[in-house]
**Student:** 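First the structure, which I've put down as structure tokens, then a few questions once you've had a look.
Basis for what follows: all heavy atoms, side chains included, without hydrogens, waters or symmetry-related copies. This structure is a prediction, so every number in the text was calculated from the model and none was measured. Lettering follows sequence order; numbering is per chain, from 1.
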There are 2 protein chains.
Amino acid sequence: MTDIGLPGLDPVSDRPVFKQIADHLREAMNGPALPPGSKVPSESQLMTHYGVARMTIRNALQLLQSEGLTVAEHGKGVFVRSRPQVRRLASDRFARRHREQGKAAFIAETEESGGRPSVDSIQISEQEASAEVAKRLGLPAGQSVIVRSRRYLINDHPVETAVSYIPAHIAQGTQITHPNSGPGGIYARLEELGYRLDHFDEEIRSRMPLRDEVKALKLAPGIPVFHLIRTAYADDGQAVEVCDTVMSSDAYVLSYQLPAR
Amino acid sequence: MTDIGLPGLDPVSDRPVFKQIADHLREAMNGPALPPGSKVPSESQLMTHYGVARMTIRNALQLLQSEGLTVAEHGKGVFVRSRPQVRRLASDRFARRHREQGKAAFIAETEESGGRPSVDSIQISEQEASAEVAKRLGLPAGQSVIVRSRRYLINDHPVETAVSYIPAHIAQGTQITHPNSGPGGIYARLEELGYRLDHFDEEIRSRMPLRDEVKALKLAPGIPVFHLIRTAYADDGQAVEVCDTVMSSDAYVLSYQLPAR
DNA sequence: GCCGTCTACTCGTCTAGAGGAGTTGCTCTA
DNA sequence: TAGAGCAACTCCTCTAGACGAGTAGACGGC
């Protein structure tokens with residue numbers, strides 16, 4: 001086999017065999033033997049090396065995959081995940097000075113870091129607000145909202161899905177209801193309508209993706225998602241937008257500045 | 001079997017059997033048939049119901065577990081995860097007004113929300129800063145730092161581990177090097193030493209936990225962690241502390257306020 | 001040289017068993 | 001009645017096969 005210096009099993013250890021094998025491979029991945037992108041020995045090679053059944057090897061590989069350390073490619077082999085380029089979300093990303101340059105935050109930031117941004121699956125509809133959304137927007141339940149959903153991609157790879165909810169009485173009849181919301185995005189439109197933005201609240205959770213999210217974001221097994229809910233407030237204290245986004249956690253580092261005063 | 005109304009398999013679908021079974025169970029968990037905390041039918045019950053081999057059932061259950069939806073308990077059964085109480089981290093949690101009340105952020109917040117906070121595994125040492133830490137602290141590599149590591153628990157359940165790095169020339173000979181850092185925590189001590197805190201930068205990642213983290217945080221399978229790195233800056237722009245924390249993602253919702261100006 | 005086929009190798013799915021170990025509750029005995 | 005012991009049930013680990021489908025390189029025919 002492609003010898004990467006894997007040790008043998010410890011016959012006295014009571015740690016299950018498949019976990020021991022996973023440990024060995026994890027170890028090798030930390031060293032030079034299995035650098036990111038390299039190929040892990042095949043199932044049959046590992047079977048021969050350790051003298052165990054195929055299922056035992058598969059359990060070990062499965063474990064590593066669920067930890068997000070490897071990806072299996074049908075017909076090719078199992079490979080050590082290489083960390084993809086990440087996008088840093090800074091806490092000033094919605095500052096007015098960026099908005100005034102006429103580009104939505106995502107487009108501007110991605111281009112700056114040398115990526116090719118795109119947006120697809122744009123869908124716009126008018127719906128009754130769910131209890132959750134109504135509460136965040138400070139509306140009575142069942143009030144009508146404009147729903148804008150879309151998917152963001154970098155170099156044609158999906159990284160984020162987003163759904164925005166804007167009270168219908170605000171967005172109705174404006175460019176916000178069009179797929180192309182115009183220069184600076186919907187926040188620029190809201191300001192033109194007289195809703196001067198004051199601040200945003202962001203709520204962040206992390207969890208494993210749902211089935212649909214795995215598909216929409218082409219997520220590898222073992223990669224969690226950020227679930228971020230942002231509420232935009234105008235300077236009169238009124239909530240004017242709620243944005244619910246799900247992001248591939250291996251494509252993002254979130255970054256915030258907190259006051260100490 | 002405890003009939004929860006599971007449908008049969010779709011013989012024409014090309015979706016693998018174990019995924020179909022997982023789909024059925026996931027569906028049942030969304031409805032009243034399998035509420036949080038309830039017991040999923042046993043492997044042998046599912047074998048009988050679907051007429052498939054045990055491994056196929058186990059694959060399905062394994063999938064749900066890796067999604068963080070269920071927990072298996074040896075000898076008892078598989079149970080639907082119930083969402084634990086979460087702790088909300090607000091972006092003003094390090095505001096001076098809190099610090100001046102003499103309690104560290106974690107203790108104050110947890111008590112406020114009705115939990116019983118505790119801290120254990122406190123270890124303090126002096127080490128050479130790693131390249132990463134040195135860079136964040138703005139120190140030459142290899143400079144000496146005081147390392148404070150500890151684990152936070154709520155109602156005796158671990159939720160977070162944290163390691164702080166403070167330049168030795170600042171912390172040396174102060175209470176910061178003692179396990180009990182005194183009222184208001186190390187941030188209060190830093191201010192007493194004349195480092196008036198100006199702001200914090202927080203960097204957030206999400207990923208699956210390492211082996212040690214699973215143990216330290218008693219994490220169930222399929223639960224990712226937040227990895228948060230906070231840097232504290234004094235008002236002269238100097239970085240005075242770096243804190244590296246790993247948090248169980250099912251115990252936290254992070255919350256930040258962003259300026260729009 | 002180019003293209004299609006064949007083959008060997010990869011991982012994916014599934015079957016049908018084995019023994020082990022933790023938990024629970026019943027039964028039988030003292 | 002209290003306790004020990006046992007049986008039945010749970011999930012965990014592992015074996016030894018089967019067939020399927022995707023990939024890539026060798027090889028031969030055109």
**Student:** Give me the stems containing DNA chain C, sorted by first residue, counting only three or more consecutive Watson-Crick or G-U pairs with both distances under 3.5 Å; say none if there aren't any.
**Tutor:** C:1-30 with D:1-30
**Student:** Would you say the side chains of A:R150 and A:S164 form a donor-acceptor pair under 3.5 Å?
**Tutor:** yes
**Student:** Enter the distance from A:M247:CE to A:S206:OG here, rounded to the nearest 0.5 Å.
**Tutor:** 10.0 Å
**Student:** To the nearest Å, how far apart are A:I57 CD1 and D:dA16 C1'?
**Tutor:** 14 Å
**Student:** Could you tell me whether the side chains of B:Y256 and A:E203 share a donor-acceptor contact shorter than 3.5 Å?
**Tutor:** no
**Student:** Do the charged groups of A:K218 and A:E213 touch, with an N to O distance under 4.0 Å?
**Tutor:** no
**Student:** Show the numbers, then the answer: is there a side chain to side chain donor-acceptor pair (under 3.5 Å) between B:S125 and B:R148?
**Tutor:** CA-CA 7 Å; B:S125 64; B:R148 289 182 59 95; over 6 Å; no
**Student:** Give the first and the last nucleotide of DNA chain C, reading 5' to 3', that has any atom under 4.0 Å from a heavy atom of chain B.
**Tutor:** C:dT13 to C:dT24
**Student:** Less than 4.5 Å apart, any side-chain heavy atom of B:R211 and any of A:R26?
**Tutor:** yes
**Student:** When you check every protein heavy atom under 4.0 Å of nucleotides 6-14 of chain D, what one-letter string (B, S, -) results, 5' to 3'?
**Tutor:** ----BBBBB
**Student:** Which atom pair, heavy atoms only, marks the closest approach of B:L63 to B:A22?
**Tutor:** CD2-CB, 3.9 Å
**Student:** Does a salt bridge link B:D250 with A:R205, judged by any charged N lying under 4.0 Å from a carboxylate O?
**Tutor:** no
**Student:** Does a salt bridge link A:E160 with A:R151, judged by any charged N lying under 4.0 Å from a carboxylate O?
**Tutor:** no
**Student:** Give the ring-plane orientation class for A:F226 versus B:F226, where under 30° counts as parallel, over 60° as perpendicular and anything between as tilted.
**Tutor:** parallel
